[in-house]
Protein chains: 2
Amino acid sequence: MPPRDSVNHACPVRDVLDRIGDAWSVLVMLELRKGPCRFNALRRVIDGVSQRMLSVTLRHLERDGLVSRRVLPLAPPQVEYALTPMALGLVERLAQLRDWADTHQPLVRQARDRYDAALSGSPEITR
Amino acid sequence: MPPRDSVNHACPVRDVLDRIGDAWSVLVMLELRKGPCRFNALRRVIDGVSQRMLSVTLRHLERDGLVSRRVLPLAPPQVEYALTPMALGLVERLAQLRDWADTHQPLVRQARDRYDAALSGSPEITR
DNA sequence: CTGGATCCATACGGATACTG
DNA sequence: CAGTATCCGTATGGATCCAG
């Protein structure tokens, strides 16, 4: 997709799909499902996320009204992120998705390996 | 994410999330949910997808065992794509997601506008 | 601690042209 | 019809440095 804004925004699904598009959003929301969490705590538990992407992701989620941001007025500044009420329904479905992923991941892996093997095994495939 | 393969593949969720990551996969699967479909038919109905991306997307889905590909031996070659049994559960959940997106899209839009307005409205924001 | 700003590599994705 | 191959602009995302 080009500039992502010049495109067909008549399709409502796209809005949410775009948010789900970057894996981090999903991971963050699933994590926040367990309860409110602070920036670096998220950073540690998400595993693999750079500080920049976590920041960007959280801002996007906040913009879409899916995550709330609460600044605790403390000596070392603390910021707590939490799901908004609106996000709850979405997160439930995301959890359903994750469950499917968990249980079917081995099958997907198998299929993938079979596919790859079939390719490299084919006699006429030169590459 | 870097090379997408050098990354943490210990996390099972990632595998499926990556597939869901590109919006096209979801759109294609939701379309195939209605029944088997041919290449150009998909191309027409998906709207916005380039021929290349549809091709790439379908190959990925096939590789993961989520979509089957059947070549009809006809004069003008025809290829029919369909969901595999394994994909059915996934697609159901994706449909759930799409439903949420449909019903909540206005709210997301609102939140987004409010967020943007708050930014440009803030006095101290120079940018 | 919680980020924003910048720099830079690369992978994604569109357009186009070409095959079976 | 159903793709594959190439070219090439652009957005994504990591690394690093800096600020409140």
Side-chain angles (χ1 to χ4, degrees), chain A residues 1-8 14 17-25 27-28 36-63 67-82 119 122 124-127, chain B residues 1-8 14 17-25 27-28 36-63 67-82 119 122 124-127:
Chain A
M1 257 141 293
R4 209 109 227 222
D5 279 335
S6 62
V7 202
N8 175 16
R14 285 312 253 288
L17 250 40
D18 284 354
R19 191 92 335 279
I20 285 165
D22 51 321
W24 297 129
S25 290
L27 259 21
V28 166
C37 195
R38 286 180 30 210
F39 189 86
N40 277 344
L42 278 175
R43 185 155 157 48
R44 271 188 300 275
V45 72
I46 297 282
D47 165 86
V49 68
S50 69
Q51 161 234 43
R52 180 180 176 273
M53 286 321 295
L54 180 54
S55 178
V56 169
T57 300
L58 285 170
R59 253 185 298 124
H60 281 163
L61 290 173
E62 192 193 353
R63 186 167 107 100
V67 157
S68 66
R69 187 189 129 111
R70 203 164 57 109
V71 181
L72 289 303
L74 297 177
Q78 294 192 6
V79 182
E80 201 176 68
Y81 293 93
L119 275 192
S122 300
E124 69 282 347
I125 300 288
T126 317
R127 185 171 44 127
Chain B
M1 257 140 294
R4 207 117 227 216
D5 280 335
S6 63
V7 201
N8 174 19
R14 284 315 251 286
L17 251 40
D18 283 354
R19 191 93 334 279
I20 285 165
D22 52 321
W24 298 128
S25 290
L27 259 21
V28 167
C37 195
R38 288 180 29 211
F39 189 87
N40 276 343
L42 278 175
R43 186 155 156 48
R44 273 188 298 275
V45 71
I46 297 281
D47 165 87
V49 68
S50 70
Q51 159 236 43
R52 180 180 177 273
M53 285 321 294
L54 181 54
S55 178
V56 169
T57 300
L58 284 171
R59 253 185 298 126
H60 281 165
L61 289 173
E62 190 193 354
R63 187 166 105 101
V67 158
S68 66
R69 186 191 128 110
R70 202 164 59 108
V71 181
L72 288 303
L74 297 176
Q78 293 191 8
V79 182
E80 200 177 68
Y81 293 94
L119 275 192
S122 300
E124 69 282 346
I125 301 287
T126 317
R127 185 172 43 125

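Throughout, a chain's letter reflects where its sequence line sits, starting with A, and its residues are numbered from 1.
- For B:Q78, taking side-chain heavy atoms from C-beta onward, the closest of the listed nucleotides C:dT2, D:dA2, C:dG13 is D:dA2.
- Under 4.0 angstrom from either OP1 or OP2 of C:dG4 there lies at least one side-chain N or O belonging to A:S55.
- Rounding to whole angstrom units, CG of residue B:L58 and P of D:dC1 are separated by 16 Å.
- A salt bridge links B:R70 with B:E80: the closest approach of a Lys/Arg side-chain nitrogen to an acidic carboxylate oxygen falls below 4.0 angstrom.
- Between A:R19 and A:D22 there is a salt bridge, with a side-chain nitrogen of the basic residue lying less than 4.0 Å from a carboxylate oxygen of the acidic one.
- Checked against D:dA2, C:dG3, D:dT4, the side chain of B:R38 finds its nearest nucleotide in D:dA2.
- When each of B:R52 and B:P77 is assigned the nucleotide of DNA chain D with its nearest heavy atom, B:P77 is the one assigned upstream, toward the 5' end.
- Within 4.0 Å of A:R43, counting heavy atoms only, lies no atom of the nucleic acid at all.
- Taking 4.5 Å as the limit, every side-chain heavy atom of B:S25 sits out of range of all side-chain heavy atoms of B:I20.
- Side-chain proximity of B:N40 to C:dT2, C:dC1, D:dC1: nearest is D:dC1.
- When side chains are defined from C-beta on, B:V28 does not count as touching B:Y81, because their heavy atoms never get closer than 4.5 Å.
- Counting heavy atoms from C-beta on, the side chains of B:W24 and B:L27 come closer than 4.5 Å.
- The shortest distance between the side-chain N/O atoms of B:Y81 and the OP1/OP2 oxygens of D:dC1 is not below 4.0 Å.
- In this structure, the nucleotide among D:dG13, C:dG14, D:dA2 sitting nearest to the side chain of A:M53 is D:dG13.
- Between B:R59 and the phosphate of D:dT4, there is a side-chain N or O to OP1/OP2 separation shorter than 4.0 Å.
- Each of C:dG14, C:dT2, D:dG13 was ranked by its minimum atom distance to the side chain of A:F39; first place goes to C:dT2.
- When the C1' atom of D:dT16 is taken as reference, atom CD of A:Q51 falls 10 Å away, rounded to whole Å.
- For B:R69 and D:dA2, the CZ to P distance is 10 Å, given to the nearest whole Å.
- For the pair B:E62 CD and D:dA2 P, the computed distance is 15 Å after rounding to whole Å.
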